[in-house]
Amino acid sequence: MKIACIGAGYVGGPTMAMVALKCPEIEVVVVDINEERIKAWNSDKLPIYEPGLFEVVKECRGRNLFFSTDTKKHVGEADIVFVSVNTPTKTHGIGAGRAADLTYWEGAARLIASVSTSSKIVVEKSTVPVKTAEAIGKVLKRNCQDPNVNFEILSNPEFLAEGTAMEDLKHPDRVLIGGADTESGQKAIQTLAEVYAHWIPRERILTANLWSAELAKLTANAFLAQRISSINAISALCEATGADVSQVAHAIGTDSRIGPKFLNASVGFGGSCFQKDILNLCYVCETVGLKEVAEYWLQVVSMNDYQKQRFVERVIGAMFNTVSGKKIAIYGFAFKKDTGDTRETPAIDVCKGLIRDGAKCSIYDPEVKAEQIFRDLSAPKFEWDRPNYSRSQSHMLENVQVQSDPIAAADGAHAICVLTEWDEFKKYDFGALYEKMVKPAFIFDGRNILDHAKLREIGFITYALGKPLDPFLVKGY
Ligand code: NAD
Ligand code: UDX
């Protein structure tokens, strides 16, 4: 059997590496239009950072795992074609700012149709609006020259989280496969299930109809993001009342119906999926006339925006209502720890908010490159997922410095803002950092990872998100 995957990104790369590792008899080729990306996949410096990924790629690459730009050849030869291209939010036209932009998906479908001389299973790996399989089916069928070629479309959404992708792929809670309720549809489901059954227990391989599988992915992300917005909403109330959000989260999380996971209050959720997929869900609801349902889910995104804005206001308010000309060290730019990914990271909005008020941000992140940070801070919203986006906000960069050393970032700063929960931040010598900072020195912990009592002992005015406020902060705000 031959598998091709269109899209060598955060999902296509790790997922196919795992398939190749667990199914040595299957040839797996990951193809992409981005030559630089493919070159990196074939080198010792992979295009994405993911713990454990390099070891797997090293073991399989050249054996039964290949990365190539020869899309036509490999897609043409494959029995199963996964499509794992980006599905960003539309920036122009009808549905701008909400709807999923399926340009890349449609391009992939047209390509599959044009090179297919044998029947294929086409697997939706990308997250797509419900009913996409129907549209894609039409594109495939009407563009294939050979009437004997049959396409069976399956929805097989990916639930991996970045930073833990390899573990998630090795031991997933479940794999979901949706297919048509026809004999050939059920046969295709079984063929794909056989691939996963190489390493995943059968009872964890769930099957569903196509629309349920597509919708389950959007729903899973909406529910996960909703938990974070819910606890973040409570974090604001905690600060106003003297309650402690960690204690509240622990107390509710021990209720087995609620569960303890995904209840960490934060400066806001980021990542390429949550916001995009909720907006996509809202758009689908609106298009079928479910205005109230759309409004309900939209509130999850609004609460996230509020949380980022609240953090910025807290920083500015505490620092005597002005950060103009003040250096502020930003610790962490990635959207979460153990990844170099910055897509929709809350750090973008926080930095922009501080810079708009005149602050000079000095940014340190152990994994994110300076070039990426400069790109993110000069791109307008929703543009990050496109190769040639405009940099209309490049004026932001006048007040941005990127440091490769956390001490240099804090040297002469009035405040440190912790925006990503990197483990290394917990080990820093904050006494030494304090000595280098302007007094009063502030720390704003947007992830609640530091030892706040110790920081206060050192002399920092300390803000811990969702926790009782220092008297100084209450007055300042
Ligand atoms: P990505 O941007 O990292 O990768 C997509 C790749 O597809 C890019 O390298 C792009 O060059 C390539 N591509 C686009 N059109 C192509 C074409 N016609 N032919 C060949 N290559 C093409 O995106 P990603 O993070 O891997 O996400 C892919 C999909 O998976 C999205 O729909 C996303 O919502 C979904 N998803 C992402 C995650 C995640 O954690 N990143 C998790 C689950 C699902
Ligand atoms: C998410 C989903 O978890 C995954 O199933 C889906 O396939 C893709 O989208 P990802 O975005 O990679 O994965 O990371 P995730 O761990 O979900 O974190 C998303 C954001 O939420 C991060 O910014 C993270 O810091 C934040 N978060 C997470 C919180 O603020 N609090 C939490 O308790 C958990």
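Atoms within each ligand, like the ligands themselves, are counted from 1 in listed order.
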Honestly, for Ile228 the part within reach of ligand 2 (heavy atoms, under 4.0 Å) is side chain
Phe159 ring centre to Arg174 NZ or CZ under 6.0 Å, with the angle to the axis within 45°? yes
Review point. So is Leu160 close enough to ligand 1, meaning a heavy atom under 4.0 angstrom away?
Key: yes
Query raised in the report: Is Lys217 near ligand 2, meaning one of its heavy atoms is under 4.0 Å from it?
Result: yes
Counting from 1 in the order shown, the ligand 2 atoms closer than 4.0 Å to a non-hydrogen atom of Leu160 are 4 (C), 5 (O), 6 (C), 7 (O), 8 (C)
Query raised in the report: Should the pair Tyr428 and Tyr331 be assigned to parallel (<30°), tilted (30 to 60°) or perpendicular (>60°) ring geometry?
Result: perpendicular
Short version for Lys276: what comes under 4.0 Å of ligand 2, heavy atoms counted, is neither
Note: Asn232, heavy atoms under 4.0 Å from ligand 2, region reported as neither
- Is the ring centre of Phe66 less than 6.0 Å from the ring centre of Trp41? no
### Query
Does Leu111 come within less than 4.0 angstrom of ligand 1, counting non-hydrogen atoms of the residue?
no
Within the 4.0 Å heavy-atom cut-off, what Arg227 brings close to ligand 2 is neither
Contact region, Gln307 to ligand 2, non-hydrogen atoms below 4.0 Å, reads neither
Candidates Tyr10, Trp41, Tyr104, Trp105; heavy atom nearest atom 24 (P) of ligand 1 found on Tyr10
- Message: Any nitrogen or oxygen of Glu421, side chain or backbone, less than 3.5 Å from one on ligand 2?
- Response: no
Heavy-atom proximity to atom 21 (N) of ligand 1, picking from Ile33, Thr71, Val30, points to Ile33
Check your understanding: For the residue pair Phe274 and Phe269, does the interplanar ring angle fall in the parallel (under 30°), tilted (30 to 60°) or perpendicular (over 60°) class?
Key -> perpendicular
A student checking ligand 2 against Asn221 at a 4.0 Å heavy-atom cut-off should list atoms 2 (C), 6 (C), 9 (O)
Quick note on ligand 2: atoms under 4.0 Å from a heavy atom of Cys273 include exactly 8 (C), 9 (O)
(message) Parallel, tilted or perpendicular, judged at 30° and 60°: which one describes the rings of Tyr196 and Trp199?
(response) tilted
Honestly, for Arg343 the part within reach of ligand 1 (heavy atoms, under 4.0 Å) is side chain
